Every structure is written in C-alpha cells, then in structure tokens.
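Inspection log for the structure reproduced underneath, given as structure tokens.
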Amino acid sequence: MNSPFTNRIPVCQALAAQGPMDTIHICGWVRTRRDSKGFSFLEINDGSCLANIQAIVDEGTPAYANIEKATTGASVSIHGSLTASPGKGQKWEVRAAEMSVLGEADAETFPLQKKRHSDEFLRTIAHLRPRTNKYGALFRIRSEAAFAVHEYFRENGFFGVHSPILTGSDCEGAGEMFRVTTLNQDGTSKEGHKSSPQELFQHDFFGKECNLTVSGQLEAENLALGLGKVYTFGPTFRAENSNTPRHAAEFWMIEPEMAFATLEDNMQLAEGLTRSVVKRVLERCAPDIDLFNKFVDTDLEKRLTTLVNEPFARVSYTEAVKILQQCGKTFEFPVSFGTDLQTEHERFLAEEHFAKPVIVYDYPKTIKAFYMRLNDDNTTVAAMDVLVPRIGELIGGSQREDRLDVLEARIRELGQDPAHYWWYMDLRRFGSVPHAGFGMGFERLLMMLTGVTNIRDVIPFPRTPGNLEF
RNA sequence: UCCCCGGUAGCUCAGCUGGCAGAGCGGGUGACUGUUAAUCACUAGGUCGGCGGUUCAAUCCCGUCCCGGGGAGCCA
C-alpha cells in the first residue's frame with residue numbers, strides 16, 4: 001500500500017538532480033516566504049541537508065489557495081515540477097502545482113524567526129532548535145561522527161560491546177553517581193517491606209544499591225580479556241555539581257580496551273581514532289562544517305585540517321612540568337612535580353606551546369586512579385591524556401595494572417578493600433595480560449569538530465544540574 | 001560548590017545623577033517587486049526576572065531568591 005509520502009524526494013536529492021523533472025514531491029518546513037505580485041517564493045527545508053529548496057507558487061495554481069497558511073515554521077507537502085531556476089543563488093527550483101499545509105505555525109507565537117538567535121535562547125526551545133540551520137548541521141555532524149567511530153573500530157578489528165548502564169559496583173570510582181531505586185520515598189518497597197538501617201537496599205529491586213554507570217571501563221576490560229579488542233559507545237552519568245561549558249550529567253563516551261597492548265598502543269589508538277573521525281566528517285559533512293567555519297569559529301577548518309595532517313605532540317608529564325616552569329609565563333597556580341595540571345596549564349600546552357593536540361603521559365601515581373599500571377620508577381603510572389585546544393581533556397586513559405600483587409597493594413594504599421573488586425582481580429588472577437584503554441568524551445569531540453564552546457549545544461537535550469526539561 | 005558579569009517588547013539590546021519605557025529585527029496592515037535574512041510606509045506590542053526594603057518617587061540604590069553567561073574545582 002502506498003503512503004502519501006512514498007514518492008517524497010528529500011531536498012538534498014532534489015538539489016542534486018541531474019536534470020529537470022516533470023513531477024516531484026517534496027515535504028518540509030517553510031523557512032521563509034517572500035510574496036510578489038502574482039506569486040510567492042517559499043524556502044523549504046526538510047533536514048536532509050543544510051540547503052533549502054526554493055518553491056514558486058503561482059497565483060493561478062491550486063497550490064496558491066493555501067499560500068496564506070504557509071508561514072515560517074509551517075510544514076508543507078508540495079507536488080510540482082523541478083525546473084532550472086532563472087534566479088540567482090540556486091540551480092533548481094520547484095514550481096508548485098499543488099500544496100497542502102500539513103501543520104500550520106502561528107506567526108505570532110512560533111518562536112523561530114527569520115533571523116539569528118542566540119544559543120542561550122535556542123537552548124530554552126531545544127525541541128525546536130533542530131529546525132535551525134546551525135542545529136540541523138550540528139546533529140547531522142553528530143550522526144556522521146558516531147558512525148565514523150564505529151567504522152574506525154570495525155576496520156581495526158575491534159568488537160563493539162554493550163556494557164551495563166545499571167551498575168551495582170560501588171567501585172567505579174570516577175565520580176558521584178545517580179542512584180536508581182524502586183523504593184518508595186519512605187524507604188519501603190512496593191510490597192511494603194521496610195529495609196533495616198544497616199541494609200538500606202535489602203528490599204530494593206536488586207537487593208543492593210544500584211546506580212547509573214559512570215564508566216564502562218571495568219566491564220570493557222573483562223570483554224577485552226576474551227575478545228581481544230573491544231569498545232563501548234554509550235551514555236554515561238555523573239552526578240557531579242559541575243557548572244561548566246564542558247560538563248554534562250549525561251554524556252556519551254567511547255571506551256576502547258585492548259588486550260596485549262601497552263601505553264604506546266593506547267596512544268596510537270587515541271590519535272588514530274581522533275584523526276580518522278575528523279577526516280571522515282570533513283569529507284562527508286563539508287557544507288555543515290562550512291557553516292561552523294563561517295559563523296562559529298573562523299579557524300575551524302584550518303585547525304581540523306592540521307589535526308588530520310600532523311601527528312599529535314607527545315610529552316611526558318615530567319617534561320610538561322619543565323615546559324610550564326620554563327615558559328616564562330606566570331600561572332595562577334604554580335607547577336611542580338606531583339601537582340595536577342590545572343586548566344590554565346593544559347590550555348597553555350595545547351593552545352600556545354604546541355598549538356595542536358598534545359598527549360601527556362606518565363603521570364605521578366599520586367594524582368591518578370588505582371587501576372593504572374605502575375611504571376618501573378615506582379612513582380609514575382602509564383596514564384595518558386589527550387589535550388586539545390579550547391576543549392581541554394578530550395581523552396583520558398592508561399595501560400591497566402595487570403599484576404595482581406601490585407594492583408592489590410595499590411587498592412590497599414588508597415584505603416580500600418580488594419574484596420570489593422573480586423571479579424576485577426580475577427582478571428589478573430587468571431591469564432592476566434598487559435592491556436590498555438581510554439575514555440573519549442563524544443560531546444567534547446563534537447565541540448572540537450564544530451567549534452561550539454558549550455557542551456549543552458552539541459547534545460540534543462542536555463542534562464546539567466537543575467536542568468531536566470524535555 | 002566558589003568568584004565575576006548579566007536578566008528591560010516575541011528575539012537582540014540601549015536607557016545618563018532616582019523623576020511618564022526606547023531602538024533594530026520579528027509580527028500585523030498596505031504598497032511594490034524573479035525574490036534570496038527582499039524593499040518601502042503605517043501599526044500593535046511591557047508585571048523593566050521574583051519577593052522584600054530605602055525614598056515624596058525605584059528599571060535605576062540595598063537585601064534575598066531564581067535564571068543565564070564567563071572563570072575555577074570535579075572530569076570525558
């Protein structure tokens with residue numbers, strides 16, 4: 001059975017037509033209407049690409065009967081022909097024979113106007129912003145970038161794995177977690193059971209505390225030590241009260257994990273993945289990237305091209321500290337071995353000193369997580385961060401500690417009980433192998449790809465402290 | 001969570017030393033034109049973020065709360 005939309009031609013296809021077409025059916029939203037005596041111009045966008053297609057509605061046609069309702073924001077279905085445009089600015093245009101208005105948009109109350117809006121305003125109408133040029137382009141790029149991530153891993157022998165979103169592990173350790181519970185507000189279960197103060201979650205759904213995952217790393221390690229090379233690409237949740245343009249409570253993270261791999265392999269993977277995704281997006285989303293280059297960040301294309309063509313800089317933490325100490329710049333926070341690099345230090349390295357992405361590796365163990373492999377110097381761990389201009393930390397990863405005794409000692413050093421990590425320790429107990437992996441923030445990658453400076457504007461419906469609309 | 005800046009028409013903003021609320025864009029009406037964020041004329045549109053205080057009088061000064069931006073911390 002045919003639907004009324006069976007023959008609909010996406011605008012991107014219509015614009016790329018090789019020749020005129022006697023009949024064509026397009027659907028989309030009216031971006032603007034310009035009326036002339038005897039006919040009107042409509043700019044139609046259907047999201048398939050950045051460009052609009054121009055439709056001509058002549059006074060004599062049946063289509064003209066509905067022209068008053070075809071206001072900015074209205075959705076329309078147009079049957080007509082595709083003809084060469086006599087006007088400047090476009091090759092093809094649609095001469096409308098029939099037009100129906102599928103959904104009207106009251107001109108006085110429709111929030112999107114034929115003008116530029118601020119990102120802050122568009123964020124308050126996140127349900128409508130996909131209909132703007134900028135956010136249409138952004139979400140097309142987001143889709144392409146996600147695809148390119150899967151593509152890169154597939155081409156390089158990685159298996160995609162799905163790590164759990166609900167976790168009972170109290171040792172993910174990457175930050176504050178969101179609790180998930182089916183208990184009533186008074187602490188009783190749906191069946192009316194009341195847990196004891198000692199065991200609050202005894203009668204909760206899982207019989208123990210449950211949280212949303214803050215990382216798929218531990219699970220990915222398990223899969224890697226069986227499948228060899230794996231990656232996860234899923235949502236991640238942090239209940240941190242972070243109020244910055246680079247943090248969200250819900251974000252998407254790419255976490256590869258490789259068995260039989262060292263920090264060096266890890267750094268090569270991080271660089272290869274980043275470069276490959278950027279390259280593909282530049283190739284496949286040229287018009288959308290152009291928009292950002294024109295209106296958001298005029299250095300964008302130049303910087304992305306450099307990123308694709310030049311190797312990332314690499315510097316050990318120790319060298320980085322020396323660079324920072326000797327650069328002659330005065331920082332708010334002085335640098336010395338053992339202190340964490342502050343945002344101002346990271347920005348100096350990526351934006352000024354190297355002026356391109358830089359991988360900092362071999363951090364002091366005192367400022368990094370217990371699962372990172374201890375180096376022979378006994379003071380640093382095989383960790384690495386990829387710092388990129390304007391974004392800061394895009395990737396954080398490490399070679400994992402694969403020696404049972406060392407791992408156990410590190411856990412105790414931090415005052416924790418190794419027993420809680422029993423299944424994680426088992427990986428080191430049975431057929432342990434050197435392995436490595438990292439986490440890449442997908443939204444931060446998109447910020448880098450588009451020049452957009454606020455993470456809230458690269459994810460359709462951002463979740464940040466105090467913000468759960470839509 | 002801390003520091004700084006801001007909140008005035010649908011949007012972007014101006015508003016002097018406390019004294020009757022402004023512009024551009026958008027909307028409406030009309031004109032005109034193969035137009036490209038069309039153009040021209042006319043026109044409507046306001047709880048000056050909320051609450052409290054000072055004052056004869058508050059958009060303006062003070063307190064407080066809410067929201068937004070920038071910076072910091074936490075990190076991806």
Side-chain angles (χ1 to χ4, degrees), chain A residues 31-43 51-58 68 71-73 83-90 93 95 105-125 132-133 172-176 214-217 233-255 270 295 331-333 340-347 367-369 385-388 391-397 438-448 453-459 464-467 469:
Chain A
R31 282 298 178 77
T32 173
R33 188 182 84 212
R34 291 181 292 272
D35 294 321
S36 288
K37 193 118 194 152
F39 63 99
S40 291
F41 298 98
L42 290 177
E43 295 272 349
N52 307 322
I53 195 162
Q54 175 167 288
I56 315 298
V57 185
D58 277 310
E68 288 300 319
T71 56
T72 300
T83 61
S85 175
K88 285 176 194 159
Q90 63 278 320
E93 64 187 22
R95 292 206 81 88
D106 175 45
E108 293 213 28
T109 51
F110 181 61
L112 292 173
Q113 305 173 353
K114 299 189 264 191
K115 56 177 271 189
R116 247 187 113 176
H117 286 295
S118 68
D119 291 326
E120 292 80 13
F121 171 66
L122 291 172
R123 219 177 282 150
T124 67
I125 49 167
T132 64
N133 286 341
E172 294 199 5
E176 294 294 310
V214 293
S215 164
Q217 180 198 318
F233 185 173
T236 305
F237 309 88
R238 304 269 168 96
E240 307 281 349
N241 191 8
S242 294
N243 253 302
T244 86
R246 298 180 302 280
H247 292 85
E250 178 184 87
F251 63 99
W252 287 66
M253 190 152 63
I254 299 145
E255 295 179 285
F295 298 115
F331 296 106
E332 194 188 338
F333 298 92
D340 214 346
L341 296 183
Q342 303 289 314
T343 298
E344 55 174 344
H345 306 138
E346 295 183 347
R347 292 190 66 154
I367 57 172
K368 288 290 182 183
D385 285 354
V386 177
L387 310 177
V388 299
I391 315 297
E393 188 178 340
L394 173 68
I395 291 171
F438 60 77
M440 170 191 264
F442 186 54
E443 281 74 21
R444 289 189 181 172
L445 178 67
L446 286 168
M447 291 168 75
M448 190 186 83
T453 52
N454 197 313
I455 198 168
R456 296 167 180 86
D457 299 328
V458 296
I459 187 166
T464 50
N467 189 350
E469 197 63 57

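Throughout, a chain's letter reflects where its sequence line sits, starting with A, and its residues are numbered from 1. Every value quoted in this text rests on a predicted model; they were computed, and no experiment measured them. Heavy-atom basis, side chains included; hydrogens, waters and symmetry copies ignored.
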Under 4.0 Å between any heavy atoms, over every strand shown, what does A:Pro86 touch: base, sugar-phosphate, or nothing? Just pick one. base
Distance check needed: B:rU35 C1' versus A:Glu43 CD, whole Å only. 9 Å
Identify whether any heavy atom of A:Thr32 sits under 4.0 Å from a base atom; if not, whether one sits that close to sugar-phosphate; answer base, sugar-phosphate or nothing. sugar-phosphate
Counting only distance, no hydrogens or angles, is the base of B:rU12 paired donor-acceptor with the side chain of A:Glu120 under 3.5 Å? no
Look at all strands and tell whether A:Ile391 reaches a base, only sugar-phosphate, or nothing, counting heavy atoms closer than 4.0 Å. nothing
How is A:Asn243 classified with respect to the nucleic acid when contacts are heavy atoms under 4.0 Å: base, sugar-phosphate, or nothing? base
Of A:Asp340 and A:Glu344, the one whose closest nucleotide on RNA chain B sits nearer the 5' end is A:Glu344
Give A:Gln342 one of three labels, base, sugar-phosphate or nothing, depending on what nucleic acid heavy atoms sit under 4.0 Å from its own. sugar-phosphate
Between A:Ala107 and A:Glu93, which residue's closest nucleotide on RNA chain B lies nearer the 5′ terminus? A:Ala107
Just checking A:Gln217: base, sugar-phosphate only, or nothing, at a heavy-atom cut-off of under 4.0 Å? nothing
From the list B:rU33, B:rA38, B:rG10, which nucleotide is the closest neighbour of the side chain of A:Arg34? B:rA38
Once you apply a heavy-atom cut-off of 4.0 Å, does A:Thr109 come out as touching a base, just sugar-phosphate, or nothing? nothing
